[in-house]
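Beneath this line is the structure, given in structure tokens, with notes to follow.
Below, chains carry the letters A, B, ... as their sequence lines are ordered, and counting in each starts from 1.
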Amino acid sequence: MADLTRADIDEILKLVDSSDFDELKLEMGDLKLELRRRGAAPVAPPASARAPAAKAPEAVAAPVVASGGGSEIPAPLLGTFWHAPRPGADPFVKPGDVVQADTVIGIIEVMKLMNSVEAGIAGTVIEITAPNGELVEHGQCLIRIQPA
Amino acid sequence: MADLTRADIDEILKLVDSSDFDELKLEMGDLKLELRRRGAAPVAPPASARAPAAKAPEAVAAPVVASGGGSEIPAPLLGTFWHAPRPGADPFVKPGDVVQADTVIGIIEVMKLMNSVEAGIAGTVIEITAPNGELVEHGQCLIRIQPA
Amino acid sequence: MASIRRIFIANRGEIAVRIIRTARALGIETVLGVSAADADSLGAKLATRAVVLGPAPSKDSYLRVGTVIEAAKGTGCDAVHPGYGFLSENRELAQACADEGLIFIGPSPDNLTAVGDKLTARSHAVAAQVPVVPGGTVETLDDATALAEEVGFPLLIKAVSGGGGKGMKRVDDAKSLPAQLDMAMAEAEAAFGDPRVYLERFVTVGRHVEVQILSDGDTVLHAGERDCSVQRRYQKVVEEAPAPNLPDALRQGLLDAAVRYATHIGYRSLGTVEFLVDVERSEFYFLEMNARVQVEHPVTEAITGLDLIALQIAIAEGNPLPMTQDDIHLSGHAVECRLNAEDIARDFMPSPGRVTQAWFPALPGLRVDTHMQPGAMIPPYYDSMVAKLITWGPSRDEAIARMLTALDVCVLEGITTNAPLHRAILSDPAFCKGGVDTTYLGGLLPKLGENA
Amino acid sequence: MASIRRIFIANRGEIAVRIIRTARALGIETVLGVSAADADSLGAKLATRAVVLGPAPSKDSYLRVGTVIEAAKGTGCDAVHPGYGFLSENRELAQACADEGLIFIGPSPDNLTAVGDKLTARSHAVAAQVPVVPGGTVETLDDATALAEEVGFPLLIKAVSGGGGKGMKRVDDAKSLPAQLDMAMAEAEAAFGDPRVYLERFVTVGRHVEVQILSDGDTVLHAGERDCSVQRRYQKVVEEAPAPNLPDALRQGLLDAAVRYATHIGYRSLGTVEFLVDVERSEFYFLEMNARVQVEHPVTEAITGLDLIALQIAIAEGNPLPMTQDDIHLSGHAVECRLNAEDIARDFMPSPGRVTQAWFPALPGLRVDTHMQPGAMIPPYYDSMVAKLITWGPSRDEAIARMLTALDVCVLEGITTNAPLHRAILSDPAFCKGGVDTTYLGGLLPKLGENA
């Protein structure tokens with residue numbers, strides 16, 4: 001019975017990735033796999049438009065992730081993203097750091113108001129995706145974390 | 001029972017990739033597989049538009065068929081479809097008949113010209129789909145055959 | 001004089017697309033701030049860039065002043081266009097733009113203060129010798145009872161901070177005044193955080209006529225009037241320009257009063273002064289001034305040939321108006337139908353969903369402002385307007401005939417729209433005669449049910 | 001007098017959509033016959049019904065007379081509209097319609113015979129006292145040499161059965177005549193199954209001007225002229241109406257000659273008489289008569305306000321024309337740009353493919369006839385025209401300015417188009433001056449390369 005392993009799914013992913021398909025749904029017994037290629041909107045979005053909606057952290061933490069590896073931590077709101085609590089200070093997190101769900105990973109400033117952003121998931125920081133001091137949109141990936 | 005292996009899925013993907021299909025839904029026991037090709041038409045065709053392009057018989061005969069069961073034998077040209085060689089005569093074929101690839105299954109009349117249509121595939125007639133004496137489009141399903 | 005190079009559009013739907021259209025023609029870049037629900041909308045695709053402001057609910061995205069400012073600055077915009085609705089008449093946004101060195105494509109914060117509160121706006125009207133409906137503010141039931149005797153019944157109770165018909169109550173006699181007043185104050189508090197209400201005479205046979213104002217701060221011009229009397233629950237459904245069968249003296253009185261009002265408050269930008277025309281008495285009363293571009297601005301564009309958005313941008317850049325009153329010529333007649341995703345057979349229930357086909361061909365005299373395309377999604381979070389059909393004709397009859405043709409020819413499938421309502425209105429002899437009042441549509445609706 | 005209830009459209013692309021537009025306005029149903037490659041096209045979606053005629057190649061679908069007739073009858077149509085190109089001037093289709101009791105929305109089989117063959121058409125011109133270019137048929141090299149002496153060089157060799165510039169050869173001197181004649185006859189045989197050719201004087205500075213004819217068989221009217229001199233390899237690229245800077249006497253001469261020609265052959269339907277205007281000598285010569293609606297008919301509609309397709313249908317129904325010559329008023333100026341899916345940087349290579357975005361907003365004075373929508377597929381089997389942009393303005397300058405704005409504002413993405421060529425033409429002082437000849441575009445193209 002559906003004894004597909006993670007490695008198998010990995011393989012399937014690669015296969016589909018290199019194919020022409022946008023969506024895959026697979027159900028085997030109690031296993032259920034759904035895949036949708038990023039940006040599978042009917043009309044290709046213009047270069048200016050970012051990846052659509054935010055993914056809630058728990059959804060992101062799911063083992064099946066479209067690409068890149070790790071879970072993307074999305075900006076909870078639009079504003080200027082700061083890596084450190086103040087200019088010159090050490091950044092909140094850097095690649096390789098182990099974080100908990102409530103670890104602060106950065107600050108989003110909106111009109112002088114500083115909003116701290118938590119990881120939302122425990123794991124190891126892979127990459128700081130959004131540059132320091134630049135605008136991030138709602139839902140834009142800030143950092144990537146390999147779930148623990 | 002769903003003892004599909006990785007290799008099987010591999011094979012299915014390759015098969016579908018090289019085919020003309022945009023979407024695949026496969027259900028076998030409790031296994032369910034859905035695939036949609038990138039850029040598959042976002043807008044559902046209006047009721048007036050028929051199924052798009054013709055499928056060549058050999059493609060149709062492939063084991064992956066969208067629905068219904070059996071292979072659809074498409075009209076090779078537009079015209080009036082006749083089940084029998086003349087009014088009152090016995091039909092060329094009826095459900096249950098066993099046909100060869102070169103068995104005549106009907107006539108398509110275009111401007112008084114009678115064009116005989118062959119099955120194109122060996123098997124058993126399941127259903128006469130297109131009504132007698134009515135217009136069939138190019139590519140419209142005439143009859144369905146369970147391949148031998 | 002500042003030349004605008006990149007506009008941040010703080011809006012959505014057809015007006016975002018409309019602004020992009022003129023910006024493209026002027027060679028100005030656009031950044032559209034969208035909610036997550038609108039990330040795939042036509043406006044987001046057409047803008048030079050789109051940024052997601054926040055999740056779908058307006059209060060978390062389109063209504064956030066700080067987020068809009070942050071997004072405009074972060075994307076290198078030098079101006080903000082607020083469209084209509086949402087933050088378009090929000091003094092806080094206009095002020096924040098001023099503070100942050102962004103050009104607000106609209107009036108000054110002071111202008112917004114002058115017209116934002118119904119009572120202040122009304123007092124300016126009185127000062128500018130523009131007639132107002134008899135009435136006034138009330139704080140207690142005693143106030144209300146005393147004023148009601150003066151004003152007479154029927155009367156209307158309105159929220160001081162309200163707008164667009166929200167929170168209005170009609171009171172037909174003294175007996176029902178106490179209960180209605182209580183309800184109105186409670187609703188006003190809940191909806192606007194401000195319980196203040198005022199009472200005014202309800203003009204039973206009234207037409208809604210409004211005047212388009214253009215002002216660079218020195219020169220105040222009008223671009224004719226629009227008749228928006230075809231309303232359902234205070235929401236405009238069909239608009240036209242000019243107002244049909246309006247006596248010339250009354251029309252001129254309206255136009256002059258509107259210019260007087262805008263001049264009095266030192267208005268600068270596009271704006272609209274709304275009046276209630278008391279047909280029986282051949283009088284008119286000031287209702288309010290809208291300090292933004294209106295939904296129905298295309299009917300004015302159709303009869304004047306002006307691009308009001310381009311003028312609004314030019315004024316915001318500090319340019320003087322490039323014309324005088326004599327340069328504005330009115331020609332022919334124009335009608336606008338607001339196509340909404342709503343089911344008139346089910347009490348106008350909104351019908352959001354996925355559009356399967358949208359086809360608005362270039363018929364003679366037809367203009368369509370829309371964000372619809374095949375595959376477009378109409379999210380359930382915002383208003384249900386999906387397109388505006390505008391037809392122009394050399395005469396009113398021809399404009400109406402062209403609209404009826406447009407309703408037959410255009411295709412919008414996948415959702416239910418109020419197109420049947422527009423067909424009914426435009427085929428109705430009373431509407432075709434011209435000059436219906438604001439009670440007209442309420443009277444037509446039951447008849448539609450009978451025929452259906 | 002037969003009232004048409006359901007039209008079979010034997011065409012594709014923008015003209016299928018154009019015909020559906022008018023049919024919808026008239027309340028007439030449509031059945032569109034498509035090839036398998038066009039089964040998902042806009043026309044197929046908009047028609048009341050679509051049927052697949054055959055596989056993608058035109059010869060197996062759009063060009064099959066029997067299939068079209070069978071499909072029209074089998075779907076209960078009472079009329080056939082052939083559009084332009086394909087079977088539009090095919091005598092066999094018109095005859096088959098007559099035989100099968102279908103109304104052919106076009107001229108009679110006899111009309112088609114009269115204008116279908118260049119030589120017959122030319123002899124009718126001579127009989128109707130319409131000037132023709134000096135020339136004649138040749139069968140041998142001796143004939144050709146003798147005639148060439150009379151006509152003079154440069155001269156053109158044309159296939160008798162040709163059309164649209166196909167199979168034309170220019171010969172500059174007697175020396176190259178034999179080789180070119182051989183080639184022309186061989187090509188004519190291969191392309192049209194008819195080796196006959198004729199020689200005519202090549203007018204070096206000529207303008208292509210054509211007159212729109214409307215005839216119910218009794219009354220023959222014209223709807224002004226169009227100038228289609230901006231051509232590349234005999235294919236029209238930009239058209240306009242009226243013809244700019246054409247002396248009044250010459251214009252009137254053209255209009256009268258066109259009406260005379262149509263009257264002489266007893267023409268009934270829409271049609272166009274094409275002339276070559278010899279600017280140097282202030283003379284004009286008959287070229288041919290096109291017995292169908294033209295690609296460029298919208299410029300005439302723009303300056304007359306007529307719906308030519310509606311008139312064509314009414315004539316086919318047997319109705320007399322509802323107007324006289326005096327009722328046709330020409331107003332303003334109109335320009336049409338043919339937007340093709342081709343890459344001007346790569347020698348106009350066709351660029352079929354999938355359209356990702358198509359947005360043609362309602363700009364003032366702009367009309368767009370197109371079958372493009374987001375997701376539309378441009379198959380490689382047919383011609384590369386994807387849209388026609390038509391702008392009207394009160395003056396020629398304004399029509400041109402509006403076209404330049406339209407080219408900036410409209411969006412067609414996913415494929416490469418010739419929009420840059422149109423921008424270059426409409427910005428070119430020589431074109432803006434008005435009255436260029438048919439060599440104009442050939443001279444402009446090398447300059448574009450230099451600037452690129």
Side-chain angles (χ1 to χ4, degrees), chain C residues 14 17-28 40 42-43 45-47 298 301-302 304-307 310 331 355-376 387-394 398 401-402 404-411 413, chain D residues 14 17-28 40 42-43 45-47 298 301-302 304-307 310 331 355-376 387-394 398 401-402 404-411 413:
Chain C
E14 68 85 21
V17 171
R18 165 71 188 88
I19 296 163
I20 290 169
R21 192 198 98 188
T22 285
R24 284 180 69 92
L26 297 173
I28 298 175
D40 286 328
L42 177 60
K45 290 170 182 163
L46 294 173
E301 294 187 327
T304 60
L306 300 173
D307 181 336
S331 152
V355 168
T356 52
Q357 184 55 280
W359 182 60
F360 302 101
L363 295 168
L366 174 67
R367 160 180 173 179
V368 181
D369 280 17
T370 187
H371 54 301
M372 294 296 104
Q373 283 197 315
K388 302 181 324 201
L389 306 190
I390 303 100
T391 54
W392 178 91
E398 281 172 273
R402 284 172 166 185
L404 283 166
T405 299
L407 289 166
D408 282 347
V409 172
C410 293
V411 175
E413 287 171 349
Chain D
E14 68 86 19
V17 171
R18 165 71 187 89
I19 295 163
I20 290 169
R21 192 199 97 186
T22 285
R24 285 180 69 94
L26 297 173
I28 298 175
D40 285 329
L42 178 60
K45 290 171 183 163
L46 294 174
E301 294 187 329
T304 60
L306 300 173
D307 180 337
S331 152
V355 168
T356 52
Q357 184 55 280
W359 181 59
F360 301 101
L363 296 168
L366 173 67
R367 160 180 173 179
V368 180
D369 280 18
T370 187
H371 53 302
M372 294 297 104
Q373 283 196 314
K388 301 180 326 201
L389 307 189
I390 303 102
T391 53
W392 178 92
E398 280 172 273
R402 285 173 167 185
L404 284 167
T405 299
L407 289 166
D408 282 348
V409 173
C410 293
V411 175
E413 286 171 349

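- Contact count against chain D (heavy-atom pairs under 4.5 Å) is highest for C:V17 among C:D369, C:V17, C:T370.
- Across all their heavy atoms, D:R21 and C:A362 have their closest contact at NH1-O, 3.4 Å.
- With chain D as partner, the option from C:W392, C:F360, C:W359 having the largest number of non-hydrogen pairs under 4.5 angstrom is C:W359.
- Heavy-atom distances place the backbone of D:A358, and not its side chain, under 4.5 Å from chain C.
- Between D:K45 and C:V411 the shortest side-chain heavy-atom distance does not fall below 4.5 Å.
- When the candidates D:R367, D:R18, D:E301, D:Q373 are compared by the number of heavy-atom contacts under 4.5 Å with chain C, D:Q373 comes out ahead.
- Neither the backbone nor the side chain of C:A23 comes within contact range of chain D, judged by heavy atoms closer than 4.5 Å.
- For D:L42, the part lying near chain C is the side chain, with the backbone staying farther off; criterion is any non-hydrogen pair under 4.5 Å.
- Heavy atoms of D:V368 lying under 4.5 Å from chain C belong exclusively to its backbone.
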